[in-house]
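Just so you know, ligand 1 is whichever comes first in the structure, and atom 1 is the first atom listed for that ligand. Below, all heavy atoms of this structure are taken into account, side chains as well, without hydrogens, waters or symmetry copies. Residue numbers run from 1 in the order of the sequence given.
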Amino acid sequence: MIPAHIYNDKELFELEKERLFSRSWLFVAHESEVPEAGDYVVRRVLEDSFIISRDEQGQVRTLFNMCLHRGMQVCRAVMGHASHFRCPYHGWSYRNDGRLVGLPFHKEAYGGEEGFKKKGQTLLPAPSLATYNGLIFISMDPDAEPLEEFLGDFKFYLDYYTKQSADGIELRGPQRWRVKANWKIGAENFAGDMYHTPQTHTSVVEIGLFREPKAEKRKDGTTYWAGNGGGTTYKLPEGGLEERLRYVGYPDEMIARMKEQWTQEQLDVVGKDGFMISAASLFPNMSFVHNWPRVEEGSDEVLPFISIRVWQPISENETEVLSWFAVDKNAPEEYKALSYTAYLMCFGSGGMFEQDDVEELGLADQHGGWPDGAATVAQQPYGHAGERAERRGTFDLR
Ligand code: FES
Ligand SMILES: [Fe+2]
């Protein structure tokens with residue numbers, strides 16, 4: 001049992017910021033969101049704003065969106081394309097690699113380079129930056145452990161979502177909205193709450209969005225912990241690798257690329273053990289979904305989609321959700337379009353699963369403060385461990 005107040009405790013939230021968010025690797029963007037030199041997106045991490053830009057040399061930069069002069073936000077747009085950023089307050093300007101290049105009245109106000117050295121000044125970079133399969137992570141800890149070590153065995157599962165071919169994924173979005181709920185509720189839901197599906201999402205099953213009409217079947221699968229992540233899988237019907245991938249709606253040309261891309265062990269989780277990844281969370285606040293609804297009424301055909309999300313904490317009881325659609329770069333165009341439809345039907349601000357979940361996540365947190373001594377059951381009841389999808393490791397709360 002864990003005390004329920006952890007979902008609504010201001011003091012604890014301060015500690016989480018200090019001890020969890022300041023030390024963990026945090027997802028901010030995917031390389032496909034800034035494909036060309038000059039492209040940028042702006043992302044918030046707790047109280048800080050970051051410009052994630054691709055500089056003229058093609059290198060990805062993650063810069064504090066904070067002017068060196070008086071700390072104003074240099075870039076006010078959410079995304080765009082620019083060679084320079086000019087601070088709206090006094091007009092200092094920076095190249096898209098962060099270098100300070102323009103300082104109005106440098107001579108008159110500061111006495112030129114002698115009085116204030118402009119050369120060598122740069123917007124502050126995030127203390128640590130690393131990427132995995134094009135996913136850009138930053139850490140506030142300059143001595144953060146290597147990203148790959150942080151991900152650990154979760155990389156094994158991450159590849160199913162982000163590396164279905166050699167070129168990886170491209171992202172669309174994000175949609176953003178706020179929920180009146182603590183960030184942990186969403187992250188935990190995606191990390192292993194298969195238990196809620198038959199109840200919370202009954203109506204989605206009843207309208208025939210899925211091929212398996214029985215709510216019972218929708219919870220057949222297993223959960224796993226791996227490195228700093230954990231997630232859920234669905235059990236697939238009998239069959240070999242190709243049959244099972246076709247069953248969830250992948251076209252043959254995508255299956256051929258997965259076979260080239262994934263290790264034998266990764267292929268065996270699907271082909272031999274019969275598990276297909278579904279929802280997952282990477283500590284602390286990044287989540288994934290993979291599902292395969294029917295996209296056309298009356299048809300038995302299903303089509304998979306992948307979504308990535310971040311539960312960005314605003315306060316102890318408010319969270320900004322960022323939800324992206326992700327798809328393999330090499331997927332056929334028609335597949336991409338239908339997969340996007342599948343995503344929008346299920347998740348994102350208008351998605352049917354999303355409506356159900358937000359209703360629950362919000363209400364779970366609306367008790368005007370949890371009563372003293374209230375507790376919630378942390379353990380998920382489903383854990384029919386497969387041969388390979390076993391529970392390994394635990395979250396490192398440090
Ligand atoms: S605060 Fe940016 S130029 Fe003064
Ligand atoms: Fe859900």
Side-chain angles (χ1 to χ4, degrees), residues 42 49 51 63-77 82 84-95 98-106 108-110 116-118 121-124 177 179 181 183-207 209-210 215 217-221 223 230-234 277-281 287-293 305-309 311 319 321 323 342-365 380-382:
V42 170
S49 172
I51 305 171
L63 307 161
F64 274 97
N65 188 7
M66 188 184 78
C67 186
L68 293 176
H69 180 218
R70 301 276 293 151
M72 290 302 139
Q73 207 165 303
V74 173
C75 178
R76 306 288 168 102
H84 293 74
F85 300 103
R86 187 167 65 217
C87 178
Y89 199 7
H90 310 92
W92 287 26
S93 55
Y94 303 86
R95 288 192 68 93
R99 269 180 296 157
L100 174 65
V101 288
L103 202 160
F105 309 110
H106 190 195
E108 296 85 339
Y110 291 94
F116 178 80
K117 231 171 154 4
K118 182 176 76 182
Q121 307 266 14
T122 164
L123 288 174
L124 298 175
W177 65 92
V179 286
W183 66 274
K184 294 190 290 297
I185 294 192
E188 287 172 353
N189 178 276
F190 279 63
D193 196 327
M194 304 180 79
Y195 190 34
H196 83 290
T197 314
Q199 178 64 30
T200 299
H201 302 301
T202 311
S203 60
V204 183
V205 175
E206 277 173 357
I207 61 164
L209 195 61
F210 290 97
K217 282 245 173 80
R218 299 291 312 159
K219 64 173 174 50
D220 239 1
T223 55
T232 67
T233 62
Y234 282 126
I277 44 121
S278 179
S281 287
S287 293
F288 302 85
V289 205
H290 176 244
N291 216 325
W292 45 96
F305 70 86
I306 294 166
S307 174
I308 293 178
R309 62 176 49 204
W311 310 93
T319 302
V321 185
S323 174
Y343 158 71
L344 291 175
M345 282 165 67
C346 295
F347 286 92
S349 52
M352 286 183 267
F353 277 87
E354 202 77 62
Q355 305 305 319
D356 295 341
D357 285 332
V358 165
E359 180 71 14
E360 291 311 319
L361 306 190
L363 289 179
D365 227 23
Q380 300 305 331
Y382 297 110

Please determine whether the number of non-hydrogen atoms from other residues, nucleotides or ligands lying under 6.0 Å from atom CD of Q199 exceeds 12.
no
Under 2.8 Å from the Fe ion (ligand 2) - does any N, O or S atom of D357 fall there?
yes
Please report, to 10°, the angle around the Fe ion (ligand 2) from atom NE2 (H201) across to atom NE2 (H196).
90°
As an exercise, identify every atom of ligand 1 less than 4.0 angstrom from a heavy atom of W92.
3 (S)
Atom of N65, atom of V74 and distance for their closest heavy-atom approach
OD1-N, 3.0 Å
Judged by modelled atom types alone, do S287 and S281 share a side-chain donor-acceptor pair under 3.5 Å?
yes
If the cut-off is 2.8 Å, does any N/O/S atom of H69 fall short of it from atom 4 (Fe) of ligand 1?
yes
Numbering the atoms of ligand 1 from 1, which are under 4.0 Å from a heavy atom of G91?
3 (S)
Which atoms of ligand 1 have any heavy atom of C87 under 4.0 Å away?
1 (S), 2 (Fe), 3 (S)
Using 30° and 60° as the class limits, which term best fits the ring planes of F116 and W92: parallel, tilted or perpendicular?
tilted
Considering only the protein, which heavy-atom contact is closest to atom 1 (S) of ligand 1, and what is its distance?
R70 N, 3.3 Å
Between F353 and F347, ring centroids under 6.0 Å
yes
Test applied, ring pair (Phe, Tyr, Trp, His ring centres under 6.0 Å); reference residue, W292; option that passes from Y234, F210, F305
Y234
For atom 4 (Fe) of ligand 1, decide whether H90 has an N, O or S atom at a distance under 2.8 Å.
yes
